[in-house]
S.K.: 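My questions all concern the structure below.
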Amino acid sequence: MKTFALGPDDALLGAVTPATEPQHPPLGALIWGLGIAEMLLARRLARAGIPSIQLRVNGDAFLDDARRNALYDRQGIVLCRAAMDHLEQAHGTSRFIAVGNCATGSLVLNAALADERIAAVVPTNLHFEGLGRPFRARLRRIVSADAWRRLMSGELSAARAVARFVNRQAPNGAAAPDSSGGSRPACYDGDFWIGRDLPARLEQLVARGVAIHLVCTRNDDSRIFLQGRFRGALRALLDGGRVTLSIIDRDVHVFSRDELAANDLNESICAWLAGLADVACPAAYG
Amino acid sequence: MAKTRESVLAAIWQTILALPVHPPTPTPDPQLALLDGGLNLDSVKVIELVAALEERLDFQFEDADLRTRSFQTVGSLAAVVAARLGVAS
């Protein structure tokens with residue numbers, strides 16, 4: 001499996017894992033993330049007859065948060081399409097499972113809205129814009145053991161901690177967008193924008209027959225939003241069966257940084273896929 | 001195909017050099033860290049290393065092999081590969 005550049009201006013770095021069992025045409029997988037965790041998922045899918053393409057942003061832009069997110073925002077859907085085109089040309093896949101975490105989780109959800117080739121989508125620890133940080137997350141930062149340690153050591157002043165809480169600042173100190181949903185522009189308003197209209201987007205996908213597997217870790221902001229602000233709307237979608245929600249009992253935002261969390265995520269995805277009659281293939285996702 | 005631990009180590013070393021990565025020593029060093037504090041291989045280089053080793057030595061890692069502990073050092077990786085190839089220690 002060699003990595004290669006693809007997409008407009010070689011904006012992406014990709015790697016393909018071909019199916020090792022008889023292929024389940026025409027299904028392929030688009031997986032954001034070019035590490036071992038994603039490779040393990042790709043291999044499991046390959047054994048189930050599903051070829052996949054792993055992706056990440058190419059070059060120095062990958063390490064620059066602002067450049068990377070700008071790329072997702074302005075060209076994210078184009079990049080997803082380029083990857084699907086590549087896999088389609090190489091392996092004849094015309095329907096896709098799309099997997100992404102945080103910004104790329106929101107991106108694959110929007111890509112599914114834009115491209116009917118995506119038949120199933122797995123957004124994990126969704127990134128939300130325009131909602132600020134949840135109150136519980138901000139409170140946790142005030143009362144957490146780490147916060148007290150930093151207060152006692154002088155690394156964080158009490159005044160600054162309170163100011164960040166009141167101003168709903170993100171952990172890195174950056175101001176979070178206004179949660180009123182419109183009076184201030186969102187940081188990102190393009191291809192990976194997911195905000196208050198998440199339920200409507202999910203409903204649109206469900207109406208088209210797309211299967212959606214939402215995944216969150218236990219303390220992630222996305223879980224707080226999904227089981228708080230969006231609880232009622234989500235319940236109806238969950239009852240319909242086409243949308244599922246899995247909570248991974250780990251405390252990490254980027255799954256690939258924690259082997260156990262990544263393993264739990266892959267298990268969750270494969271178990272979900274095995275239960276989808278119209279998407280899954282007969283081979284076990286082992 | 002490699003038949004001894006030494007030849008496995010040599011094959012891994014050659015594969016690393018071909019990534020390309022430039023180790024600080026010219027000869028295989030089992031103690032050299034592959035990740036932080038050594039070669040500092042990033043996630044892309046790790047998966048490229050995995051694929052290249054499988055191709056060079058005509059085997060496949062088991063999923064359980066693909067853990068951080070396997071990639072701590074050149075030696076730890078060699079132990080995993082040797083086990084997969086059935087090479088006696």
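Proteins come first, then strands; the chains are lettered A, B, ... in the order of their sequence lines, and each starts at number 1.
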S.K.: With a cut-off of 6.0 Å (strictly less than), are more than 12 heavy atoms of other residues, nucleotides or ligands near CZ of Arg74(A)?
M.R.: no

S.K.: Show me, pair by pair, the donor-acceptor contacts under 3.5 angstrom made by side chains of residues 21-33 of chain B, not counting sequence neighbours?
M.R.:
residue	atom	partner	partner atom	Å
Thr25(B)	OG1	Thr27(B)	O	3.1
Asp29(B)	OD1	Gln31(B)	N	2.9

S.K.: Select all residues of residues 35-52 of chain B having any heavy atom within less than 4.5 Å of some heavy atom of chain A, and report them by number, or 'none'.
M.R.: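 Heavy-atom contacts from residues 35-52 of chain B to chain A are Asp42(B), Ser43(B), Val44(B), Val46(B), Ile47(B), Glu48(B), Val50(B), Ala51(B).
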
S.K.: Quick one: does Arg47(A)'s side chain get under 4.5 Å of Asp63(B)'s, heavy atoms only?
M.R.: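 Counting from C-beta outward, Arg47(A) and Asp63(B) do come under 4.5 Å.
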
S.K.: Could you name the residues of residues 75-82 of chain B that have a heavy atom within less than 4.5 Å of a heavy atom in chain A?
M.R.: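 Heavy-atom contacts from residues 75-82 of chain B to chain A are absent.
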
S.K.: How long is the straight-line distance from CD of Glu62(B) back to CZ of Arg43(A), given to the nearest 0.5 Å?
M.R.: 10.0 Å

S.K.: Which of residues 32-41 of chain A have a heavy atom under 4.5 Å from any heavy atom of chain B?
M.R.: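 Answer by number: Leu34(A), Gly35(A), Ile36(A), Met39(A), Leu40(A).
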
S.K.: Among the options Asn263(A), Thr3(A), Thr17(A), pick out the one with the most heavy-atom pairs lying under 4.5 Å from chain B.
M.R.: Thr3(A)

